[in-house]
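This is a predicted model, so every value here is computed, not measured. For the single chain, residues carry numbers from 1 onward in sequence order.
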Amino acid sequence: LFRSQPEKYKLSAGLRLDMTPQEIETHLQKHLSTDRVNLIKSGLTIPTYQVRLNKTADGRTRADVTRDGNEFMSSQMLVSAVAIANVSWIQIASIIVEAVLLVLSAVGIKADVSSSVIEKTAQEVVQTVESSSALQKAVKALQEAFAGGSNWEKAKAIFNLIKDTKSAGILWKIIKGLCSNMSWWDWTKTAATVTAMIIAVLADRKS
């Protein structure tokens, strides 16, 4: 179960930041199964939310939130500052959940990527996100990195976001939410894999 440490060194050997996606895929195929490589690729193509502001017939503004062309959450009428803030916080929470989902895919864990599960999980952690300036800054840094940063800056932003999610005490809550449909045995393997990953990462940061 605890494969993260030796596997990490096999994968990192030969990887470069300037490699193309095809070169990275070829490198991974030397060490991982096709199913594992496809899981990583799917983690990089997880559809995220889109927010569209539309005017209703009576002149009010409505926020429609979709994911992969389908309704992600119920439309919100932006009739007050509180309503606008609620939509913003759930967006930030969704980004955090999707980042955790990406990391799970990278370490070989196939979690539930359905819109209903992601929305429910985001709703469960949104209050923590709203009260954590560290998480908000980490999400902003992630957005900036993916808007034009290097591969190293993107990877660093993801790492910092996951680290701050753990510090805020919601990492395991998110993982449990995304893995809620797993069998008992699959969840046990998932918990062991994630624990090993966290230990390995923290050990590297201290060294």
Side-chain angles (χ1 to χ4, degrees), residues 17 43-44 46-53 61-67 72-107 109 111-113 115-180 190-191 194-207:
L17 292 175
L44 294 169
I46 297 169
T48 190
Y49 65 86
Q50 288 185 325
V51 179
R52 295 185 181 278
L53 301 181
T61 301
R62 183 187 69 228
D64 296 322
V65 187
T66 60
R67 182 172 178 265
F72 175 61
M73 58 181 291
S74 300
S75 296
Q76 304 286 320
M77 299 302 299
L78 305 183
V79 295
S80 66
V82 172
I84 296 173
N86 287 341
V87 172
S88 298
W89 291 126
I90 196 65
Q91 289 175 358
I92 294 175
S94 298
I95 291 174
I96 294 172
V97 171
E98 289 166 3
V100 174
L101 190 55
L102 170 61
V103 172
L104 291 180
S105 298
V107 297
I109 298 170
D112 194 333
V113 299
S115 295
S116 58
V117 168
I118 291 179
E119 180 191 358
K120 180 181 178 183
T121 305
Q123 293 283 6
E124 290 177 350
V125 301
V126 70
Q127 288 187 343
T128 302
V129 174
E130 186 176 353
S131 62
S132 173
S133 59
L135 281 174
Q136 295 164 27
K137 291 178 181 177
V139 169
K140 183 177 180 181
L142 180 69
Q143 292 172 317
E144 291 174 348
F146 275 80
S150 65
N151 289 337
W152 167 250
E153 289 170 333
K154 293 174 184 177
K156 182 179 179 181
I158 292 174
F159 172 82
N160 286 334
L161 177 57
I162 299 301
K163 176 176 65 67
D164 288 334
T165 300
K166 181 178 181 296
S167 298
I170 59 173
L171 177 59
W172 279 107
K173 182 180 289 188
I174 293 173
I175 294 173
K176 287 179 181 178
L178 293 173
C179 300
S180 59
T190 294
V194 173
T195 300
M197 176 192 71
I198 292 173
I199 291 173
V201 170
L202 292 180
D204 273 359
R205 296 294 288 185
K206 292 178 180 178
S207 60

- Task: In sequence, state the C-alpha distance, the side-chain angles, and the governing distance for Ile162 and Phe159, and then conclude on side-chain contact (heavy atoms from CB on, under 4.5 Å).
- Result: CA-CA 5 Å; Ile162 299 301; Phe159 172 82; 5.9 Å; no

- Can you spot which of Leu161, Ile158, Ile174 makes a side-chain contact (heavy atoms from CB on, under 4.5 Å) with Val100? Ile174

- To the nearest 0.5 Å, what is the distance between CD1 (Ile118) and NZ (Lys120)? 13.5 Å

- Give, for atom OG1 of Thr121 and atom CG of Leu178, the distance between the pair rounded to the nearest 0.5 Å. 4.5 Å

- Report the C-alpha distance between Ile92 and Val126 in whole Å, list the side-chain angles of each, state the deciding distance to 0.1 Å, and finish with yes or no for side-chain contact (heavy atoms from CB on, under 4.5 Å). CA-CA 8 Å; Ile92 294 175; Val126 70; over 6 Å; no

Run the side-chain contact (heavy atoms from CB on, under 4.5 Å) test against [X] and tell me which residues pass, sequence neighbours left out.
| X | answer |
| --- | --- |
| Lys156 | Trp152, Asn160 |
| Lys154 | Ala145, Phe146, Asn151 |
| Lys173 | Glu124, Val125 |

- Query: Any side-chain heavy atom of Asp164 within less than 4.5 Å of one from Lys137?
  - Reply: no

- Task: Mind listing the closest non-hydrogen atom pair of Val117 and Gly177 along with its distance?
- Result: CG1-O, 3.4 Å

- Heavy-atom closest contact (Cys179 atom, Leu104 atom, distance): SG-CD1, 4.5 Å

- Message: Apply side-chain contact (heavy atoms from CB on, under 4.5 Å) to residues Ile170 and Leu135 and explain how you reach the verdict.
- Response: CA-CA 11 Å; Ile170 59 173; Leu135 281 174; 3.9 Å; yes

- Message: Taking Val129's backbone N and O only, do any of them form a donor-acceptor pair with Ser132's side chain (distance below 3.5 Å, no angle check)?
- Response: no

